[in-house]
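To keep things clear, I will list the structure first and then write my remarks on it.
Naming convention: chains lettered A, B, ... in sequence-line order (proteins, then strands); numbering from 1 in each chain.
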Amino acid sequence: MTNAEIAKLLRHVAAAYIIKDESKYHFQVVAYQKAADAIENSTSEVKDLAHENRLESLPGVGPSIRGYLEELVKNNSVEHFNKVLSNVPEAMFPLLDIPSFGPKKAFKLVNYFELGDKKTVIEDVKKLALKGEIAKLDGFGDKSQADMLQAIGEFELGVNKTSRMVLPFASEIADKLIEYLEKSSDVKKVFPLGSLRRKKETIGDVDVAVATNKPKEVLDYFVSYPLKERILEKGDATASILISGGKHIDLMVQPPEAFGSLLQHFTGSKEHNIKLREYALKKGLSLSEYGIKRKEKDDKLEQYDDEVKFYHALGLDWIPPEIRENQGEIELAASHKLPKLLELKDIKGDFHLHSSFPIEPSHDMGVDTMETMIEKAHSLGYDYLGFSEHNPSQSKHTAKQVYEILKKRSNKIEQLNKSNKSIRVISLLETDIMPNGDLAIDNSSLDLLDATLVSIHSVFSMSKVEMTKRVIKGLSHPKARILTHPTGRLLNQRPGYELDWREIFAFCKSEKKILEINAFPSRLDLSDSLVKQAIDHGIKLVINTDSHAVDQMSLMRYGVDVARRGWATRDDILNAQEYNTMIKWLLP
DNA sequence: GCCGTTTTCGGCCCGACTGTTTTCAGTCG
């Protein structure tokens with residue numbers, strides 16, 4: 001079972017408890033929903049966590065739910081869940097996938113109209129609504145019946161199922177909207193928040209906050225955004241619109257004097273905010289987007305125009321948005337022990353660059369010359385770079401021909417280093433790891449290089465055990481120093497292959513091998529959570545752009561975002577080091 | 001059912017918005 005399926009199952013259990021007796025089971029409901037959230041957000045599979053005995057590392061998973069999850073992984077079913085679920089009609093569950101349908105509404109409909117078939121229940125509800133039957137029910141009316149049809153219609157079109165956007169795509173949507181909002185003189189400040197501010201690799205909804213003294217005017221202006229398809233809701237402090245492609249944009253407004261608390265609230269994550277409010281509550285403080293209420297002062301509201309002051313008022317250091325995920329950051333902020341996260345300006349080089357040098361590669365070539373890329377590196381303030389074109393194709397060349405091509409390239413790089421003193425050029429390559437674990441070129445050719453990056457570009461469909469063996473064998477070659485795009489995933493396109501990370505981490509640690517964070521926006525692997533695990537294992541990382549064109553060298557910031565979300569400091573990152581330190585790590 | 005800088009027992013985040021209602025229930029983030 002996938003994490004998404006498991007999370008859904010837990011939500012169904014929570015829904016069943018709500019129907020059974022909401023007040024009696026209120027805290028079980030909350031607990032199951034919290035656990036479902038954690039599993040949905042986890043980038044480790046529950047299956048793997050269970051095998052590694054790490055299920056309780058998920059916040060919200062305690063002894064009971066851990067036990068049930070272990071049972072689920074082992075038997076594919078859980079006795080306790082089945083018992084709870086057997087008390088409610090199963091036909092209500094498909095309705096819960098439709099936005100605006102919750103357990104109460106779904107149960108009421110299924111129960112009253114005696115809908116028994118979970119395969120047809122959505123169609124059945126639609127027919128009843130079209131006949132006007134639902135509006136007659138207690139607690140329903142014409143408007144809610146019409147809304148229901150709208151929701152079902154959009155659900156069937158897949159409007160709400162659209163995949164999450166990669167970060168640059170969401171940024172573009174936000175930038176356009178912000179440009180529009182800034183044209184209004186009532187808008188004092190405007191910021192993209194939510195997962196966009198936390199720099200998550202993919203973004204669901206676009207969240208934007210505005211500081212204004214005229215909330216009504218700003219909200220009116222917002223909902224008349226030209227790219228709007230439909231207004232989802234609009235109140236005194238928030239509004240939501242739908243734009244084409246089924247993307248939601250949420251806007252929140254506050255006066256400038258409360259903007260700090262609004263930033264904090266709307267940046268999230270939900271898990272961070274819940275934990276933060278629980279933490280504050282123990283100190284007699286109640287937090288909201290409006291500010292802080294102190295029990296000892298009769299719940300008088302204190303406003304904060306600035307987010308730093310808001311955190312300080314709780315006795316906490318300001319927490320960078322990228323790590324607000326309830327991973328222990330609140331405790332560390334309280335003891336003033338938060339790590340100093342890596343910054344873009346710390347980056348001094350890039351080791352994954354595909355130039356247009358005619359290397360006759362096995363995969364795609366770069367489009368810009370080495371000289372152009374060096375010039376760009378200079379303008380980015382780098383001290384060094386490494387060229388790492390794909391190895392010459394094996395099928396089209398003899399070993400001797402491969403050697404000759406690489407010999408020419410070595411000479412070229414030697415020349416570049418002589419003529420260009422400001423940027424040091426390292427001679428690298430991106431060499432394929434073949435299915436049997438051998439590298440794609442022979443030792444005499446590899447000896448021409450300072451070192452090589454290695455990666456998987458073919459035969460992805462191997463078992464986890466086989467793939468782990470393959471990667472470790474490839475990485476074992478003394479010239480192999482960096483494993484590039486270590487999971488092979490393409491966001492929204494393919495999931496990547498599976499590796500036994502505990503084995504990979506142990507190997508990299510003992511053999512001093514380096515893992516790449518690939519900054520290309522559709523890759524971004526290692527993922528944030530694997531970065532954190534790698535760092536906990538004491539492994540060094542490198543952030544590379546994998547540029548095939550000179551403009552792509554500016555994508556470095558997306559890799560830095562991932563590193564920050566994985567709690568990386570400057571000390572963890574190879575290409576954030578001075579040349580002399582870097583070269584000792586890279587070529588030990 | 002989870003969790004610990006007041007606790008291994010006794011608490012449990014905080015609010016917005018909509019529709020159907022005359023003060024609230026349900027859903028969402």
Q: Please state whether the phosphate of dG19(B), meaning OP1 or OP2, lies under 4.0 angstrom from any side-chain nitrogen or oxygen of Lys143(A).
A: yes

(Q) Please tell me if Thr238(A) has a side-chain N or O lying less than 4.0 Å from either OP1 or OP2 of dC17(B). (A) yes

With respect to the side chain of [X], which nucleotide from [options] is positioned closest?
X	options	answer
Ser64(A)	dT18(B), dG1(B), dT27(B)	dG1(B)
Asp236(A)	dG19(B), dC28(B), dC17(B)	dC17(B)
Pro103(A)	dG1(B), dG15(B), dT27(B)	dT27(B)
Pro99(A)	dC28(B), dT27(B), dG29(B)	dC28(B)
Ile65(A)	dT18(B), dC2(B), dG4(B)	dC2(B)
Ala237(A)	dA16(B), dG1(B), dG29(B)	dA16(B)
Glu289(A)	dG1(B), dT6(B), dA16(B)	dA16(B)
Leu281(A)	dG29(B), dC17(B), dC14(B)	dC14(B)
Ser288(A)	dC14(B), dT20(B), dG29(B)	dC14(B)
Lys282(A)	dG15(B), dT27(B), dG4(B)	dG4(B)

Between [N] and [M], how far is it from one [atom1] atom to the other, in whole Å?
N	M	atom1	result
dT27(B)	dT20(B)	P	14 Å
dA16(B)	dG10(B)	C1'	30 Å
dC9(B)	dC14(B)	C1'	25 Å
dG1(B)	dT6(B)	C1'	23 Å
dC13(B)	dC2(B)	P	15 Å
dT21(B)	dG26(B)	P	13 Å
dC12(B)	dT7(B)	C1'	13 Å

Nucleotide [N], atom [atom2] - distance to [atom1] of [X] in whole Å:
X	N	atom1	atom2	value
Glu278(A)	dC14(B)	CD	C1'	12 Å
Lys136(A)	dT20(B)	NZ	C1'	18 Å
His26(A)	dG26(B)	NE2	C1'	13 Å
Met148(A)	dT18(B)	CE	C1'	13 Å
Ile98(A)	dG26(B)	CD1	C1'	16 Å
Leu58(A)	dC3(B)	CG	C1'	15 Å
Gln33(A)	dG29(B)	CD	C1'	12 Å
Lys34(A)	dC13(B)	NZ	P	6 Å

When all nucleic acid strands are considered with a 4.0 Å heavy-atom cut-off, which category describes [X]: base, sugar-phosphate, or nothing?
X	answer
Phe266(A)	nothing
Tyr32(A)	sugar-phosphate
Val30(A)	nothing
Tyr68(A)	sugar-phosphate
Asp147(A)	sugar-phosphate
Asp142(A)	sugar-phosphate
Ser286(A)	sugar-phosphate
His80(A)	sugar-phosphate
Lys108(A)	nothing

Q. Does dC12(B) have Phe27(A) stacked on its base, where the ring centres are within less than 5.5 Å and the planes differ by under 30°?
A.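 Given the distance and angle limits, yes, they stack.
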
Q | Residue pair Leu49(A) / Ser42(A), side-chain heavy-atom distance below 4.5 Å | A |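 Side-chain contact under 4.5 Å: yes.
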
**Q.** Phe81(A) and Tyr32(A), any side-chain heavy atoms less than 4.5 Å apart
**A.** yes

Q: Using the closest heavy atom to pick a nucleotide of DNA chain B for each, name whichever of Lys234(A) or Gly102(A) lands nearer the 5' end.
A: Lys234(A)

Q) DNA chain B: Leu232(A) or Arg277(A), which has the more 5' nearest nucleotide? A)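 Nearest nucleotide further toward 5': that of Arg277(A).
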
Q: Tell me whether dT5(B) sits syn or anti, counting syn as a glycosidic angle within 90° of 0.
A: anti

One thing to verify: whether [Y] and [X] come together as a salt bridge, which I'm taking to mean a side-chain N less than 4.0 angstrom from a carboxylate O.
X	Y	answer
Glu325(A)	Lys532(A)	no
Lys216(A)	Asp220(A)	yes
Glu322(A)	Lys199(A)	no
Arg66(A)	Glu70(A)	yes

Q: Please step through salt bridge (charged side-chain N to carboxylate O under 4.0 Å, His left out) for the pair Glu45(A) and Lys464(A), ending with a clear verdict.
A: CA-CA 13 Å; Glu45(A) 293 290 323; Lys464(A) 186 163 152 181; over 6 Å; no

Q | More than 12 heavy atoms of other groups within 6.0 Å of Lys20(A) NZ | A | yes

Q: Report yes or no: do Ser144(A) and Asp147(A) form a side-chain donor-acceptor pair below 3.5 Å?
A: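 Per modelled atom types, Ser144(A) and Asp147(A) side chains form no pair under 3.5 Å.
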
Q | Nucleotide forming a Watson-Crick or wobble pair with dG10(B), both distances under 3.5 Å | A | dC3(B)

